[in-house]
Amino acid sequence: MDYKRMIADTVRLDGVSAQEIYEMLVPPKDSANGDYCLPCFKFAKQLRTSPIEIARRIAQETARVAALSKVEAVAGYVNYTLDKTMLAAQVLDRVLAQGDAYGASDQGAGKTVCIDYSSVNIAKPFHMGHMLNTAIGAALYRLYAKLGYRVVGINHLGDWGTQFGKLIVAYRKWGDPALVESSGVRGLLDIYVRFHKEAEQDPALDDQARAAFKAIEDGDPEAVALWNRFKDITMREVERTYARLNVRFDSYAGESFYNDKMQPVLDDLRAQGLLEYSDGAQIVRVGDDMPPCLLVRADGATLYATRDLAAAFYRKRTYDFDRCLYVVAYQQNLHFRQFFGVLERMGEPWAQDMVHVAHGMVSLEDGAMSTRSGHVVTLEEVLDKAVEKARGVIADKSPDLQDKDGVAEQVGVGAVVFGMLYNARIKDMVFSFDKCLNFDGETAPYIQYTYARCNSVLAKAGQSECEPDYRGLDNPEAAQLIRLLDRYPQTLVEAARKYEPCIVSRHLVDVAQAFNKFYFEHSILQASPAEREARVRLVRATRHVLASALDLLGIGKPERM
RNA sequence: GUAUCCGUAGCUCAGUUGGAUAGAGCGUCAGACUCCGACUCUGAAGGUCGCAGGUUCGACUCCUGUCGGGUACACCA
């Protein structure tokens with residue numbers, strides 16, 4: 001039942017529709033003012049009446065709406081307070097009936113969303129910058145799936161380009177097959193870094209690298225075999241990391257996949273007369289406020305944008321998406337505006353369904369990360385340190401815990417992932433181990449602790465046949481918690497609409513905080529049987545919402561910790 | 001230079017299509033475990049919302065300008 005609707009339908013104001021009223025009913029900032037409020041200032045001019053008088057009249061009209069325990073006109077606002085016991089009964093019934101599926105919806109039924117995220121580079125380490133990208137993309141993936149969309153997760157592998165020529169040259173010169181096999185990406189990175197260092201002294205190396213890449217392009221068996229080997233080594237490692245993060249992809253079609261799919265797009269552009277020559281290169285103009293999009297180099301080679309264009313057409317054809325998201329750092333803002341602009345000029349109606357979900361950059365305290373110079377913090381070492389720290393806390397505080405290693409993994413990895421998803425995605429992040437390994441306050445361990453605490457209470461509560469008496473929840477702490485549980489579904493919708501996982505994480509923290517306050521102020525198991533049942537139901541509902549949100553963010557849920 | 005994003009407490013950040021006295025965590029200080037898990041909870045201190053105009057009954061929120069910072073700007077991805 002929709003209380004806002006009931007109130008809105010009862011209001012009679014000349015020239016104002018129930019829908020307008022409905023949309024104006026908002027939760028007051030201070031919940032002491034009630035559950036909803038209606039500011040009446042807007043009506044004053046057209047009704048030629050003071051907001052105070054209008055509020056008074058509306059308050060009178062709507063006072064008879066059932067389920068309201070209080071209606072008050074205050075300083076031009078009408079404040080509505082819902083009957084706490086009725087609200088509690090309704091919200092808890094709804095949450096408990098749906099369980100962990102609470103918050104799911106069918107808004108995406110029949111619709112497809114493609115999400116391009118993570119996009120690892122072959123032969124390069126998976127560092128904290130990729131972590132941010134991957135966490136955001138994976139959270140959006142699960143979020144859209146929860147809202148009923150068919151989601152296609154795409155890992156657009158960086159598996160093409162002259163760097164592979166460099167790697168081949170470096171590998172042939174300094175690579176020890178056995179060593180590279182055992183040291184993996186680290187070993188590949190080492191010879192890659194060495195290549196750059198030596199190429200400064202010996203420019204001939206760059207020519208050899210170009211030749212080696214050309215060999216891959218021309219299908220030279222030995223070069224292609226090496227290239228595949230680099231891919232295998234990288235993917236083996238990356239898959240291990242994805243498994244730890246519980247991240248999955250539906251497609252690994254990367255750059256090389258589109259090698260043979262660019263020409264038709266270029267032909268199409270040429271046929272439409274959009275492709276122009278400029279200084280020997282071929283470009284498409286996309287508007288006066290930005291530089292043209294460069295698609296073919298003077299030497300005939302294609303570029304990043306060409307591949308993205310081919311990929312877009314392929315995805316539209318293959319998945320028939322309703323929306324295609326690109327989770328990529330804001331550094332590439334211009335690139336996406338240009339690339340989307342080309343689609344628009346081609347008259348593709350779906351050009352407007354393309355979205356660059358831009359996020360901030362991760363840097364280190366002593367400057368930007370650089371793969372070439374080896375100045376990176378890899379995800380693996382961060383996760384390992386976090387898990388190690390979690391293990392220490394567990395040894396200290398829960399020495400009798402079962403499966404200490406499993407829980408430490410969930411807590412440590414969870415803390416890192418949550419740190420990536422806690423702020424608005426556009427924010428830059430200066431990585432530090434101190435901040436990343438913080439387990440206090442608004443962190444994953446805090447939420448996981450709350451979740452474990454719920455489990456503990458529920459285990460002790462056992463089963464009950466008793467009918468709940470919701471007067472046991474008629475207190476500010478329970479009311480606040482119930483309000484938050486009630487708003488969870490619309491929170492998910494908003495997070496998806498804005499492509500902002502942090503809206504989910506913030507709500508998750510709010511729920512955990514509200515629960516802990518309630519827990520501290522009110523005894524659950526010691527209450528009278530009927531009130532105890534009401535409170536146990538609240539704990540159970542809270543547990544469902546915590547579980548659901550943790551799942552969406554990709555954070556483990558230790559039953560105990 | 002042009003475009004674009006960011007600027008809110010000592011630090012890191014929230015702030016719901018413009019609404020009532022701008023919120024949280026960390027840190028600091030002071031408290032709460034004979035009681036359902038103290039990885040918890042309570043309280044205090046801390047703010048010209050970068051600055052200046054404008055729109056509005058009402059601006060952290062919208063517009064213009066300005067200052068500070070990030071990023072990008074043709075043959076890399």
Side-chain angles (χ1 to χ4, degrees), chain A residues 23-24 26-30 33 37-42 44-45 50-51 74-77 79 119 121 158 160-163 255 278-283 289-305 307-308 328-335 337-338 358 360-361 363 390 393-394 396-398 411 419 422-424 426-430 434-435 438-443 445-450 452-461 487 490-491 494 498 502-503 506 509-510 512-513 515-517 519-527 532 535-536 539 560-561:
Chain A
E23 283 164 15
M24 283 176 66
V26 291
K29 272 189 188 152
D30 185 350
N33 284 326
C37 72
L38 181 67
C40 298
F41 310 96
K42 244 178 223 171
K45 199 171 275 179
S50 81
V74 182
Y77 290 85
N79 292 335
S119 303
N121 290 316
W160 202 247
T162 45
Q163 73 266 31
E255 294 178 32
S278 170
D279 291 340
Q282 297 174 54
I283 62 165
D289 57 338
M290 62 182 134
C293 185
L294 203 152
L295 293 175
V296 184
R297 275 184 350 202
D299 66 1
T302 54
L303 289 121
Y304 185 43
R307 244 175 296 280
D308 262 347
V328 180
Y330 66 70
Q331 282 169 319
Q332 296 189 30
N333 268 339
L334 178 60
H335 166 257
R337 284 175 58 211
Q338 292 174 317
M361 305 180 344
S363 58
V393 175
I394 290 167
D396 189 33
K397 301 196 173 179
S398 325
V411 172
Y422 189 57
N423 288 338
I426 199 66
K427 297 281 182 185
D428 285 335
M429 188 175 289
V430 178
D434 274 356
K435 272 183 273 176
N438 175 33
F439 288 3
D440 299 322
E442 301 166 326
T443 63
Y446 171 75
I447 293 157
Q448 290 168 320
Y449 176 80
T450 308
R453 193 179 233 185
C454 286
N455 283 325
S456 176
V457 172
L458 293 173
K460 291 208 165 80
R487 280 184 211 156
Q490 65 207 59
T491 298
E494 195 199 347
K498 293 186 176 170
C502 80
I503 292 177
R506 297 276 166 173
V509 168
D510 289 345
Q513 279 177 340
F515 175 80
N516 284 320
K517 275 177 191 161
Y519 177 91
F520 192 83
E521 292 294 331
H522 305 281
S523 177
I524 296 160
L525 300 177
Q526 314 304 326
R532 167 187 151 129
R535 290 178 184 175
V536 167
V539 177
R560 289 175 210 293
M561 62 186 277

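Numbered from 1 within each chain, the chains take letters A, B, ... in sequence-line order.
Look at A:Arg453 and you'll find a side-chain N or O under 4.0 angstrom from OP1 or OP2 of B:rA38. The side chain of A:Lys460 contributes an N or O atom lying less than 4.0 Å from OP1 or OP2 of B:rG37. Here A:Asn333 does not reach the OP1 or OP2 of B:rU4: none of its side-chain N or O atoms lies under 4.0 Å away. Look at A:Lys397 and you won't find any side-chain N or O under 4.0 angstrom from OP1 or OP2 of B:rU40. Residue A:Lys427 places none of its side-chain N or O atoms closer than 4.0 Å to OP1 or OP2 of B:rU12. Within the 4.0 Å cut-off from OP1 or OP2 of B:rC35, not a single side-chain nitrogen or oxygen of A:Tyr519 is found. Using a 4.0 Å cut-off, some side-chain N or O of A:Lys517 falls inside it from OP1 or OP2 of B:rU42.
For the residue pair A:Asn516 / A:Thr450, a side-chain donor-acceptor distance below 3.5 Å is found, with atom types taken as modelled.
Lacking a ring centre under 5.5 Å from that of the base six-membered ring together with a plane angle below 30°, A:Phe41 does not count as stacked on B:rG58.
Between B:rU64 and B:rU56, the distance separating the two C1' atoms is 16 Å to the nearest Å. Rounded to a whole angstrom, the distance from the P atom of B:rA22 to that of B:rG47 is 13 Å.
Relative to the side chain of A:Glu442, the nucleotides B:rA24, B:rA77, B:rA20 differ in distance, and B:rA24 lies closest. Comparing B:rA20, B:rU71, B:rC6 by their nearest atom to the side chain of A:Tyr330 picks out B:rU71.
Here the closest heavy-atom approach between residue A:Phe439 and residue A:Val411 is recorded as CE2-CG1, 4.1 Å.
When each of A:Phe520 and A:Asn33 is assigned the nucleotide of RNA chain B bearing its nearest heavy atom, the one mapping closer to the 5' terminus is A:Asn33. In terms of position on RNA chain B, the residue among A:Arg487 and A:Leu38 whose nearest nucleotide sits closer to the 5' end is A:Arg487.
Scanning atom types as modelled, one donor and one acceptor separated by under 3.5 angstrom connect the side chain of A:Asn79 and the base of B:rA20.
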